[in-house]
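For clarity, every value in this text was computed on a predicted model and none was experimentally measured. Each chain gets a letter, A, B and so on, in the order its sequence line appears, and its residues count up from 1.
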Amino acid sequence: MPTFYLTTPIYYVNDRPHIGHCYTTLLADVVARFRRLDGDDVLMLTGTDEHAEKVIDRAKEAGVSVQEWADRNAQAFRDAFAFMELSQDDFVRTSEDRHKSRASMYIQKLVDSGDIYLGDYVGWYDPGQEEYVTESVAKAHDYKSPVSGKPLEKRTEQNYFFRLSAFEDRLNKHIETHPRFVQPEARKNEVLGRLRQGLQDVPVSRAVKDDGSEEWGIRMPNDPGHRVYVWIEALCNYLTVVDTPERRQYWPASLHLLAKDILWFHAVVWPAMLMALDEPLPGCVYAHAYFVAEGRKMSKSMGNFIEIDQLRAYGERYSVDAVRWYLATQGPLGATDADFAHANFVDIYNAELANGLGNCASRVVNMIHKYFDGNVPDARDATVHGGVDWPHLTAGHVQASRNLFDQVDLHGAAHQGLAIVTAVDGYINNTEPFRLAKKITGPDDPQCADLALILYNCAEALRIASVLLLPFMPQKAAAVLDMLGAKTPGNGELEAHANWRGEFGLKTGEPVVKGAGLFMRADTEEAAPTA
RNA sequence: GGCGAGGUAGCUCAGCUGGUCUAGAGCGCUGGAUUCAUAACCCGGAGGUCGAGGGUUCGAGUCCCUCCCUCGCCA
């Protein structure tokens with residue numbers, strides 16, 4: 001069984017879960033669900049990054065221990081992901097020993113190999129903030145603190161550095177010989193452009209004073225006066241989690257999903273570290289863009305972050321699967337930002353879910369009830385009818401789904417399932433089963449067989465469409481399968497279940513259930529739901 | 001300032017190496033048909049001087065130049 005290991009970034013534990021965290025993790029979830037269905041041995045990883053110094057500060061403000069604070073906030077991410085029906089196989093926290101011990105080991109290895117060395121760091125220090133600011137920021141503020149306005153101090157301190165510069169050629173070569181390594185294309189160009197300007201070694205630690213405060217973070221091996229920078233330690237999570245005898249087979253990761261702001265770390269620093277550790281590199285680093293809210297950039301100062309509670313409100317009104325569908329199909333998977341706009345949400349919801357899938361399921365099930373007492377009609381042996389070659393048509397969309405998932409094109413893949421639904425709608429209009437039903441004089445009327453064939457084809461096509469839609473809307477697609485009396489496929493069963501009238505095809509005589517409306521039409525005038 | 005991406009219907013976008021593009025899709029809008037269905041589905045229509053100007057060519061949304069605008073990355 002091929003393995004497929006995919007990751008999201010680990011999220012800063014002080015943050016409140018918002019649409020951005022949910023989006024990246026949802027992408028991973030949809031891909032993971034599809035891969036499992038298609039037979040891969042999948043490991044999907046997400047988690048929290050907990051060792052920043054601000055975590056200590058905030059815990060103090062809240063009057064709780066750092067661990068308690070981190071526990072509480074990590075749980076908020078778990079809850080958010082549970083609400084979104086996200087199916088991570090593991091949730092790593094950098095404060096866990098399994099992470100800390102191995103991350104220390106990697107650092108030690110890099111020290112031993114000389115890829116991490118002790119050097120002098122010269123920079124502009126802001127005493128008020130107790131942090132360094134970059135040269136460009138310092139210059140922009142006339143060498144005064146951007147916060148307090150007091151003069152910055154030029155300081156030199158000893159730091160450990162990672163010899164990033166040594167990997168420039170290998171990185172360039174790798175990116176050029178592996179066209180899918182950095183995606184999408186525009187992001188790859190950015191990385192290559194920046195590589196052309198040359199690489200500098202990067203500091204990976206900072207001196208800490210032992211003031212008796214709580215033990216937090218990872219110290220430099222053999223030099224506990226230095227704490228490993230949180231970002232470099234955080235990157236290690238992708239490896240620490242699978243660096244066990246049981247999980248080694250998953251490495252290297254097939255796909256790292258992340259947002260564009262941390263592309264550099266993932267496409268350059270992390271691969272260079274892996275080279276230094278003599279580890280194989282991940283297959284693809286995919287950096288998506290951002291969601292904006294109602295056309296405006298989300299920011300702390302604007303206070304317009306779409307937080308998990310607002311997504312919950314959407315979920316309550318329109319269903320969680322509708323939220324998943326909107327994010328997955330309308331999200332900023334490419335290089336440009338996407339808008340989470342209420343009017344747009346309602347448009348997509350009505351057009352694709354209510355008028356599309358929901359209405360189609362409703363009309364098919366209803367006719368089977370009306371004309372065949374709610375039992376799957378007998379299709380005899382015909383498969384091509386009304387100008388549609390159903391086995392061929394559905395198989396084409398199944399294959400297209402696979403190809404699109406390979407390219408992480410979720411929008412395209414989602415529409416493969418929907419395309420079958422559209423085909424069913426067109427087929428019904430062309431063959432007019434409802435009109436046929438009126439012409440039928442009795443059970444011996446040969447037109448009865450035509451009617452049966454038409455409705456069987458509709459139901460079977462809808463079944464396969466649902467299988468393809470399962471990764472996007474696990475609840476609703478399963479609900480359609482339930483209505484049709486079909487089984488929901490398990491891991492590795494895509495092929496068998498997507499097979500027209502195969503082992504899992506609809507069986508003549510089996511009951512079809514009229515369920516509640518799947519996605520009821522939304523009122524376009526209604527205001528957006530609020531948390 | 002350096003590098004990069006892009007400006008195509010009301011909206012979101014396809015249009016690869018120039019010629020079925022007399023310019024497309026989906027949504028929205030509009031007319032019709034229909035009634036199995038969630039005022040839905042199906043068919044048709046309107047709507048664009050393809051950012052502006054110049055050039056190459058028998059022929060340019062597609063190549064070249066200049067300019068304008070937007071966005072991203074870096075400094």
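At a threshold of 4.0 angstrom between heavy atoms, the contacts of A:K297 are confined to the sugar-phosphate backbone, with no base atom among them. Residue contacts shown for A:A335 are absent, as no nucleic acid heavy atom lies under 4.0 Å away.
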| task | Report the C-alpha separation of A:D169 and A:K173 in whole Å, then their side-chain angles, then the decisive distance to 0.1 Å, and conclude whether the salt bridge (charged side-chain N to carboxylate O under 4.0 Å, His left out) test is met. | result | CA-CA 6 Å; A:D169 290 343; A:K173 200 164 289 170; over 6 Å; no
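In this entry the distance linking CG of A:D523 with C1' of B:rU38 reads 14 Å, nearest Å. Between the CZ atom of A:F519 and the C1' atom of B:rA39 there is a distance of 20 Å, rounded to whole Å. One can place CG of A:D337 at 16 Å from P of B:rG6, the figure rounded to the nearest angstrom. Atoms CZ (A:R296) and C1' (B:rC71) sit 18 Å apart, rounded to a whole Å. Look at OH on A:Y371: it is 11 Å from P on B:rU35, rounded to the nearest Å. What separates NE2 of A:H342 from P of B:rC11 is a distance of 20 Å, to the nearest Å. A straight line from CG of A:D409 to C1' of B:rA14 spans 12 Å, rounded to a whole angstrom. In this structure, A:D339 atom CG and B:rU70 atom P are separated by 19 Å, rounded to whole Å.
Residues A:R155 and A:E153 are paired through a salt bridge, judged by an N-O separation under 4.0 Å between the basic side chain and the carboxylate. Salt bridge status for A:K188 with A:E185: present, with a side-chain N to carboxylate O gap under 4.0 Å.
Among pairs with a residue in residues 337-348 of chain A, those fulfilling side chain to side chain donor-acceptor pair (under 3.5 Å) read A:K260-A:D337, A:Y314-A:H342, A:Y326-A:N344, at least two apart in sequence or across chains. Applying the side chain to side chain donor-acceptor pair (under 3.5 Å) test to every pair with at least one member in residues 463-475 of chain A, sequence neighbours left out, gives these pairs: A:E85-A:Q475, A:E460-A:R463. Within the structure, the ring pair (Phe, Tyr, Trp, His ring centres under 6.0 Å) test picks out the following pairs touching residues 421-456 of chain A (sequence neighbours left out): A:H385-A:Y427, A:W390-A:Y427. Residue pairs meeting the salt bridge (charged side-chain N to carboxylate O under 4.0 Å, His left out) criterion with at least one partner in residues 354-378 of chain A, sequence neighbours excluded, are A:R363-A:D425, A:D378-A:R380.
Both A:N430 and A:C360 lie near RNA chain B, and the one whose nearest nucleotide falls closer to the 5' end is A:C360. Between A:K370 and A:N344, the residue whose closest nucleotide on RNA chain B is further toward the 5' end is A:N344.
B:rG1 and B:rG47: their C1' atoms are spaced 42 Å apart (whole Å). Spacing between B:rG6 and B:rU49 at atom P, rounded to whole Å, works out to 23 Å. Distance check on atom P: B:rC64 versus B:rG72 gives 25 Å, rounded to whole Å. Taking atom P on both B:rG24 and B:rC16, the two are 15 Å apart, rounded to the nearest angstrom. B:rG44 and B:rG4 have their P atoms separated by 45 Å, with the value rounded to a whole Å. Separation of the C1' atoms belonging to B:rG15 and B:rA23 is 9 Å when rounded to the nearest angstrom. Look at the C1' atom in both B:rA25 and B:rG19: the space between them is 22 Å, to the nearest Å. When the C1' atom is used for both B:rU62 and B:rG7, the distance is 15 Å, rounded to whole Å.
The salt bridge (charged side-chain N to carboxylate O under 4.0 Å, His left out) search around A:R402 returns A:D38, A:E495, not counting sequence neighbours. Residues passing the salt bridge (charged side-chain N to carboxylate O under 4.0 Å, His left out) test with A:R312, sequence neighbours excluded: A:D309. Under the rule for a side chain to side chain contact (heavy atoms under 4.5 Å, CB included), A:T422 has no partner lying at least two apart in sequence or in another chain. Remark: A:A414 engages A:W325, A:T329, A:F472 in a side chain to side chain contact (heavy atoms under 4.5 Å, CB included) (not counting sequence neighbours).
Contacts of residues 311-327 of chain A with RNA chain B (heavy atom under 4.0 Å): none. Using a 4.0 Å cut-off on heavy atoms, the residues of residues 175-203 of chain A that approach RNA chain B are A:R187, A:N189, A:E190, A:R194, A:R196, A:Q197, listed by number.
A:H178 places a side-chain N or O within donor-acceptor distance of the main-chain N or O of A:H174, the cut-off being under 3.5 Å.
Aromatic ring pairs are classed by plane angle as parallel below 30°, tilted from 30° to 60° and perpendicular above 60°; the pair A:H415 and A:H411 is tilted.
Of the residues listed (A:I454, A:I428, A:V512), the one engaging A:M367 in a side-chain contact (heavy atoms from CB on, under 4.5 Å) is A:I428, and it is the only one.
Residues A:I232 and A:M273 are in side-chain contact: their nearest non-hydrogen atoms beyond the backbone lie under 4.5 Å apart.
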Output a table of nitrogen or oxygen pairs between the protein and nucleotides 24-34 of chain B separated by less than 3.5 Å.
unit_1, atom_1, unit_2, atom_2, d
B:rU34, O3', A:R435, NH2, 3.4

| Secondary-structure notation, RNA chain B, from Watson-Crick and G-U pairs under 3.5 angstrom (| other strand) | (((((((..((((.....[....)))).((((.........)))).....(((((..]....)))))))))))).
